[in-house]
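Reading through the structure tokens given below for one structure.
The model shown is predicted, which means the values in this text are computed figures rather than measured ones.
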Amino acid sequence: MLNVYNTLTRQKEEFIPLEKGKIKMYVCGPTVYDYFHIGNARSFINSDFIRKYLEYKGYEVTFAMNLTDIDDKIIKKANTENVPASEIANKFTKAFFEDITLLRIKPATIYPKATEHIDDIIAMVKTLVDKGYAYVSGGDVFYDISKFTSYGKLSGKNIDDLIEGSRVEINTTKTNPLDFALWKAAKPGEPSWVSPWGSGRPGWHIECSAMSCKHLGVTFDIHAGGNDLIFPHHENEIAQSEAANQKPFARYWFHFGFLNINNEKMSKSLGNFFTVRDFLKKYSPETIRFFFAQTHYGAPLNFSEEGLDGAHKGLQKIENLVARINELTPDATDISSDTSIDFAAFYELFEKAMDEDFNTPKACGVLFDFIKDANKALNSQSQSSKATLLEIRKFIEATAVNIFGITSFEKETESSVSLENELIELLIATRIEAKKAKQYPLSDFIRDELKKLGIMLQDGKDKTTYKKSSQ
RNA sequence: GGCGACGUACCCAAGUGGCUUAAGGGGAAGGUCUGCAAAACCUUUAUUCAUCGGUUCGAAUCCGAUCGUCGCCUCCA
């Protein structure tokens with residue numbers, strides 16, 4: 001049984017998809033006007049964990065992530081750089097795909113773009129106007145929130161409080177300052193499309209309503225996004241979709257906590273952010289993913305070097321076990337698998353953790369307990385059992401690899417026959433000879449110099465291995 | 001001002017009424033291994049959950065107050 005915290009009901013509830021065995025999931029994607037930062041990455045990676053766990057459980061997941069490719073910020077940037085808006089959008093759409101690939105994020109089933117759904121958007125705006133939920137003012141179309149009685153149900157806000165604390169500029173063309181644009185009249189030099197209200201472009205919120213409806217249906221299972229989207233974005237989506245379709249919109253709402261820096265939200269407007277591409281120069285995608293996995297998706301997480309370094313060290317425990325399995329596998333025998341590892345119990349604990357609102361930190365704990373047991377079992381066996389190694393491998397594969405995406409059994413096997421590696425092996429052999437001759441200054445020199453090059457020698461019981469350092 | 005979240009060891013972080021006199025990771029300490037190291041592996045590391053009251057047979061977990069931190073109410077993952 002999978003329990004999830006639903007922002008809409010503000011409580012944990014059992015997750016039951018609309019259609020048995022199938023899940024339709026929508027996550028708000030990027031506005032493609034810049035490289036995305038690791039705060040954005042946290043949402044994308046958490047979505048990835050959730051999606052992959054649902055697939056682990058056997059669900060067929062249709063996962064849609066929108067790309068907002070027409071918007072004020074894109075236009076602003078295009079004007080500054082004196083290029084067409086589409087050029088900006090294309091450039092950063094390409095960058096987005098490059099970055100999520102580096103982060104080992106499984107591609108969505110579909111990435112609908114706003115500019116490719118203008119007809120659907122216009123149709124939905126028209127429906128809202130026809131049904132009386134929206135009004136035309138000049139070439140703009142606004143949503144009249146007073147017509148949607150349950151406005152505020154997701155964010156827990158009420159309209160009166162909002163008006164009182166409103167920092168929205170008074171726009172005289174709107175009936176109510178909180179009414180939001182569904183369609184914006186074109187200004188000179190802006191990209192625009194022909195509509196029943198004159199040429200213009202869609203407002204921000206409407207694309208998600210129109211595209212989710214088109215690709216996932218009127219009512220679908222999961223809608224997720226960052227905490228800051230609850231209001232107004234998601235609130236407005238509900239108002240649009242439920243008014244237009246007269247049917248419930250998303251059934252379960254998940255919201256991701258922020259990645260903070262110095263306990264402040266990391267955001268482009270505050271300027272305190274790192275782009276993913278810069279960040280990947282210093283830390284591996286596995287480290288970033290594991291850093292995120294160790295905190296619950298909904299909780300705020302403070303970014304820190306210490307935290308990243310800690311995650312990297314923890315990650316090495318998993319990688320060490322993987323390396324150990326790889327090393328032992330060729331010499332393993334068919335002796336029966338008689339270990340103290342209770343595999344079934346570990347699967348159960350892992351699933352129990354993930355079933356409790358995708359509790360990845362707890363699941364990581366299970367993973368570490370498993371690693372400890374696996375190491376102990378391997379320590380106690382003078383000869384490795386093929387079956388045991390395979391079982392250990394299967395568990396790591398199913399959890400750490402397939403869901404967290406934090407390691408791999410295939411790493412570096414292809415490049416291991418390079419000249420560089422042969423030279424390292426040669427130096428190791430030289431050092432062993434030096435050690436045999438008790439020429440320790442020479443052996444230490446080789447060790448130290450290789451270390452300076454980022455190659456760590458590891459003297460084992462009967463052989464010396466090496467490891468290239470990386471974050 | 002309105003709404004909401006949170007405060008657990010040196011640091012990060014699960015746990016939200018009895019299974020927990022609080023998982024896991026980092027750090028630290030000890031051990032095995034080693035020529036010595038490093039790495040690896042093993043062991044140890046909170047009678048206590050911001051503070052103060054209350055409810056209960058029983059609370060870190062529920063309720064109230066206080067202090068502190070953060071977010072949303074404008075674009076933001």
Side-chain angles (χ1 to χ4, degrees), chain A residues 7 10 12 27-31 33 36-47 71-73 76 152 155-158 160-169 177-178 204 224-233 235 255-260 263-270 273 290-291 293-296 298-302 304 306-317 320-321 323-324 349 353 356 359-369 371-372 375-376 378-379 434-436 438-440 443-444 447-448 451 456-462 464-467 469:
Chain A
T7 310
R10 288 168 195 282
K12 268 191 193 171
V27 177
C28 289
T31 298
Y33 74 105
F36 69 86
H37 59 70
I38 48 171
N40 300 316
R42 187 178 180 208
S43 287
F44 301 150
I45 288 171
N46 277 135
S47 311
D71 157 276
D72 288 351
K73 282 177 294 217
K76 195 178 161 196
S155 55
K157 296 179 188 300
N158 73 64
D160 294 338
D161 289 344
L162 283 168
I163 292 170
E164 217 168 284
S166 180
R167 284 180 271 157
V168 185
E169 266 180 63
L178 294 172
W204 173 39
N227 238 323
D228 49 357
L229 295 181
I230 295 175
F231 190 89
H233 185 57
E235 196 71 66
H255 288 96
F256 305 121
F258 295 131
L259 182 67
N260 293 151
N263 286 316
E264 252 190 341
K265 178 179 171 180
M266 179 181 290
S267 74
K268 284 176 185 163
S269 35
L270 291 173
F273 65 92
F290 195 51
F291 177 60
Q294 284 188 111
T295 299
H296 185 77
L301 168 60
N302 205 36
S304 71
E306 294 88 340
L308 266 310
D309 290 341
H312 179 239
K313 292 238 172 80
L315 189 58
Q316 283 183 328
K317 274 181 126 83
N320 290 335
L321 178 64
R324 197 171 177 187
L349 284 169
E356 213 36 65
N359 193 331
T360 54
K362 198 174 190 175
C364 287
V366 175
L367 194 54
F368 281 116
D369 286 340
I371 289 164
K372 185 162 285 184
N375 273 317
K376 278 190 198 169
L378 296 177
N379 289 346
K435 276 170 68 174
K436 277 185 192 158
K438 294 200 185 333
Q439 291 178 359
Y440 296 124
S443 65
D444 289 351
R447 183 213 281 158
D448 293 345
K451 191 180 173 185
M456 317 288 276
L457 295 191
Q458 297 168 351
D459 289 337
K461 210 165 183 107
D462 39 36
T464 297
T465 55
Y466 67 91
K467 193 169 173 179
S469 69

Please tell me which of the listed nucleotides, [options], lies nearest to the side chain of [X]?
X        : options                : value
A:Lys372 : B:rC72, B:rG27, B:rG25 : B:rG25
A:Phe258 : B:rC41, B:rC76, B:rA77 : B:rA77
A:Leu178 : B:rC72, B:rU74, B:rA23 : B:rU74

Any donor-acceptor pair, under 3.5 Å, between the side chain of A:Lys265 and the base of B:rC76, if you only look at N and O atoms? yes

Would the base of B:rC72 count as contacting A:Lys157 through its side chain, where contact means a donor and an acceptor less than 3.5 Å apart? yes

Counting only side-chain nitrogens and oxygens, does A:Lys451 get under 4.0 Å of the OP1 or OP2 atom of B:rA39? no

Has A:Asn227 got a side-chain N or O lying under 4.0 Å from the OP1 or OP2 atom of B:rA77? no

Among residues at least two apart in sequence or on other chains, which ones pass ring-ring contact (aromatic ring centres under 6.0 Å, His included) with A:Phe258? none

Is [X] touching bases, backbone alone, or none of the nucleic acid, heavy atoms closer than 4.0 Å?
X        : answer
A:Pro30  : nothing
A:Leu457 : base
A:Leu270 : nothing

Under a 4.0 Å N-O cut-off, is there an ion pair linking A:Arg447 with A:Asp444? yes

If the P atom of B:rU44 is compared with that of B:rA22, how far apart are they to the nearest Å? 14 Å

[X] has an atom [atom1]; how far is it from atom [atom2] of [N], in whole Å?
X        : N      : atom1 : atom2 : value
A:Leu308 : B:rG25 : CG    : C1'   : 14 Å
A:Met456 : B:rA37 : CE    : P     : 16 Å
A:Leu315 : B:rA40 : CG    : P     : 12 Å
A:Asp228 : B:rC75 : CG    : C1'   : 10 Å

Anything below 3.5 Å on both distances counts as a pair; with that, list the stems of at least three consecutive Watson-Crick or G-U pairs involving RNA chain B. B:1-7 with B:67-73, B:10-12 with B:24-26, B:27-32 with B:40-45, B:50-54 with B:62-66

Sequence-distant partners of A:Asp459, side chain to side chain donor-acceptor pair (under 3.5 Å), two or more places apart: A:Arg431, A:Lys435, A:Thr464

Please identify each residue that fulfils side chain to side chain donor-acceptor pair (under 3.5 Å) with A:Ser443, with sequence neighbours left out. none

Contact letters for nucleotides 11-21 of chain B, in which S counts primed atoms plus P, OP1 and OP2 and B counts the base, heavy atoms under 4.0 Å: --SSS------

If you restrict it to nitrogen or oxygen atoms, what contacts under 3.5 Å exist between nucleotides 28-36 of chain B and the protein, and what is each distance?
unit_1, atom_1, unit_2, atom_2, d
B:rG35, O4', A:Tyr440, OH, 3.1
B:rG35, N9, A:Tyr440, OH, 3.4
B:rG35, O6, A:Ser443, OG, 3.3
B:rG35, O6, A:Asp444, OD1, 3.4
B:rG35, N1, A:Asp444, OD1, 3.0
B:rG35, N2, A:Asp444, OD2, 3.3
B:rC36, N3, A:Arg447, NH2, 2.5
B:rC36, N4, A:Arg447, NH2, 2.6

